[in-house]
Amino acid sequence: MKRMLQEKGLHGFRIIGKPIWGVGCCKRNGYVEEAVKFQRGGIKLAEDLVCYNTLMHHFVTEKKMACGEQILGRMLVRGLSVDAITFGTLIDGYLKEGEVEKSMVVYDGMVKMKKMPNLVIYNSTVNGLSKKGMSGAAEGMVNAMERKDAVTYNTPLNESLKTGDLSSPGTGTGTRNGDGNGDGKRQTDTSPFQEKRSRDVSGFRLNPSPAFPRRPRPLGEPGTRDGTQVAYPCNLAGDVEEAARVLSEMQKQQEEGEELVSLVTYNIMFNHLCKFGCYEKAKEVLKSMVERGVVPDSITYGTLITSFSKNNRGGEEVVELHDYMVLNGVRPHEQIYKSLVSPLLKDP
DNA sequence: GTAGGGTTAG
């Protein structure tokens, strides 16, 4: 039997008894389906917390929320322990489906079982709320959170920059988006959207679930340095200059030991800086990122090379950018390299 | 020694 499992690629699978390499291992090998079939087919596989959590994650990413609920039910019925990861996975699944209410129901259930929500669950919720346009609610959560990390801010920052879509094609190239633009956009594009957004938020505020949001931990840590709160990036409305300012504040706090800026944060900034034509600023930020020891990845590469090429910044600058990133450890996005960079290198 | 959850583009 064990050999059969191994032949199927289910290495380390155990038929009950000892420490296991359960479904988690199958998943790595792309065999979750097999594991599920085995389970249905009466072959007894090890059933423990990690195994069920892995199944839960699988169902949730397939958007099979009913199955996720079933997994939770089965765990409870069998008296298995259930932890924050079990609940967190389910909560995140609902939020990704835009089902804020249902995520709150699960959250309440968790609290009733005396399980403390952790940072990941809060981040997940902030992410879900932001993507639903409920920036006010998201901001409320962030303010109520005691601990935060880079993930906490990434989605709100991204969403906040997206909203002020000043699409002015054609004028894109050298124009800096100074103060003048701010007035123009307020009168035209964004106002209907903002109205809708604040309605959503107030709707949320009128019917909040009793225990939600709540502080992550009642830990009254005496030594917390306060007054160093980062301005929460909730209403940047496409103002990249302001965003860049917020970023440098966050970088400052990073130096004081708080992990608030990550590679993803930089990638978000690059994306928006380029969209708004702030190429020089983008290069500055790239430099400061590298100097802080953050290595660009293929998303960084793709974002920067694509927009620099699109806007005809000149081949030289694109190549220069490519070289700089490669020298600093990026593995170029292959397709983008082939289509945009290597043609520039042809020398007859 | 061991496993499982959250963030960015196209």
Side-chain angles (χ1 to χ4, degrees), chain A residues 10-14 18-29 32 35 45-61 68 71-72 75 80-96 103 106 110 115 117-131 138 141-142 145 147-162 216 233 243 247 259-275 282 289 294 296-307 309-310 333-336 339-340:
Chain A
L10 310 181
H11 309 286
F13 226 89
R14 172 183 76 91
K18 294 235 170 153
I20 58 153
W21 300 79
V23 182
C25 180
C26 296
K27 184 187 171 191
R28 253 206 321 270
N29 296 318
V32 176
L45 298 178
E47 300 192 21
D48 68 351
L49 178 62
V50 173
C51 173
Y52 274 103
N53 281 348
T54 309
L55 277 176
M56 173 76 86
H57 184 234
H58 171 250
F59 284 134
V60 154
T61 50
I71 290 286
L72 176 61
M75 293 170 85
L80 274 171
S81 64
V82 174
D83 66 2
I85 296 184
T86 321
F87 285 113
T89 309
L90 195 55
I91 288 172
D92 188 59
Y94 275 129
L95 288 165
K96 290 227 165 78
S103 80
V106 178
M110 176 179 66
K115 300 288 177 199
N118 58 20
L119 183 59
V120 172
I121 292 178
Y122 286 105
N123 284 345
S124 207
T125 308
V126 170
N127 173 40
L129 293 174
S130 300
K131 287 209 168 129
M141 281 232 42
V142 173
M145 288 164 64
R147 280 191 50 224
K148 307 163 178 66
D149 63 5
V151 177
T152 314
Y153 293 97
N154 283 336
T155 315
L157 180 68
N158 190 42
E159 293 301 314
S160 155
L161 282 167
K162 267 203 307 211
L247 177 71
E259 206 67 27
L260 296 180
V261 181
S262 68
L263 174 59
V264 176
T265 318
Y266 288 113
N267 284 343
I268 290 168
M269 286 302 299
F270 292 137
N271 182 26
H272 291 99
L273 285 170
C274 290
K275 264 186 195 149
M289 160 182 149
V294 181
D297 69 354
S298 68
I299 294 181
T300 322
Y301 184 91
T303 304
L304 289 175
I305 296 290
T306 305
S307 21
S309 323
K310 241 187 227 156
H333 190 296
E334 201 175 329
Q335 213 174 345
I336 290 174
S339 60
L340 297 177

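A, B, ... follow the sequence lines: proteins, then strands. Residue 1 opens every chain.
- Looking at the side chain of L49(A), the nearest of the listed nucleotides dT8(B), dG5(B), dG4(B) is dG4(B).
- Out of dT8(B), dA3(B), dA9(B), the shortest distance to the side chain of D48(A) is found at dA3(B).
- In this structure, of dG4(B), dT8(B), dT7(B), it is dT7(B) that holds the atom nearest to the side chain of V151(A).
- Distance from the side chain of I299(A) is smallest to dA9(B) among dG5(B), dA9(B), dG4(B).
- Going from atom NZ of K310(A) over to atom P of dA9(B) covers 13 Å, rounded to whole Å.
- Within the model, atoms CD1 of I305(A) and CG of L340(A) stand 7.5 Å from one another, a figure rounded to the nearest 0.5 Å.
- Set against dG4(B), dT8(B), dG5(B), the side chain of V120(A) has dG5(B) as its closest nucleotide.
- As judged by a 4.0 angstrom heavy-atom cut-off over every strand, D149(A) is placed among the base-contacting residues.
- Nucleotide dG5(B) holds its P atom 21 Å from the OH atom of Y122(A), rounded to whole Å.
- Among the nucleotides dA9(B), dG5(B), dG4(B), the one closest to any side-chain atom of I121(A) is dG5(B).
- Between N267(A) atom CG and dG10(B) atom C1' there is a gap of 13 Å when expressed in whole angstrom units.
- K96(A) meets the side-chain hydrogen bond (donor to acceptor under 3.5 Å, both in side chains) test with D92(A); sequence neighbours excluded.
- The shortest distance between the side-chain N/O atoms of K115(A) and the OP1/OP2 oxygens of dG5(B) is not below 4.0 Å.
- Of all nucleotides listed (dG4(B), dA9(B), dT7(B)), dG4(B) comes nearest to the side chain of N53(A).
- For V264(A), the side-chain atoms get nearest to dT8(B) when compared with the rest of dG4(B), dA9(B), dT8(B).
- Applying side chain to side chain donor-acceptor pair (under 3.5 Å) to N127(A) and the options T155(A), N158(A), N154(A) leaves one that passes, T155(A).
- Which of dG4(B), dT7(B), dA9(B) sits closest to the side chain of N158(A) comes down to dA9(B).
- When rounded to the nearest whole Å, the span between CD of E159(A) and C1' of dA9(B) equals 13 Å.
- L304(A) places its CG atom 12 Å from the P atom of dG10(B), with the value rounded to the nearest Å.
- Note on L263(A): nothing from the nucleic acid sits closer than 4.0 angstrom, heavy atoms only.
- For V120(A), the side chain to side chain contact (heavy atoms under 4.5 Å, CB included) partners at least two apart in sequence or on another chain are N118(A).
- Between the CG atom of N127(A) and the P atom of dT7(B) there is a distance of 5 Å, given to the nearest Å.
- Among the protein residues, L90(A) comes within range of no part of the nucleic acid, since none of its heavy atoms lies under 4.0 Å from any strand.
- Between H57(A) atom NE2 and dG4(B) atom P the separation is 10 Å, expressed in whole Å.
- An OP1 or OP2 oxygen of dT8(B) is reached within less than 4.0 angstrom by a side-chain nitrogen or oxygen of K131(A).
- The line from CG of L55(A) to OG1 of T89(A) is 11.0 Å long, rounded to the nearest 0.5 Å.
- Inter-residue side-chain proximity for K115(A) and T86(A) is flagged as unmet; no heavy-atom pair is nearer than 4.5 Å.
- Whole-Å rounding puts the M110(A) CE to dG5(B) P distance at 17 Å.
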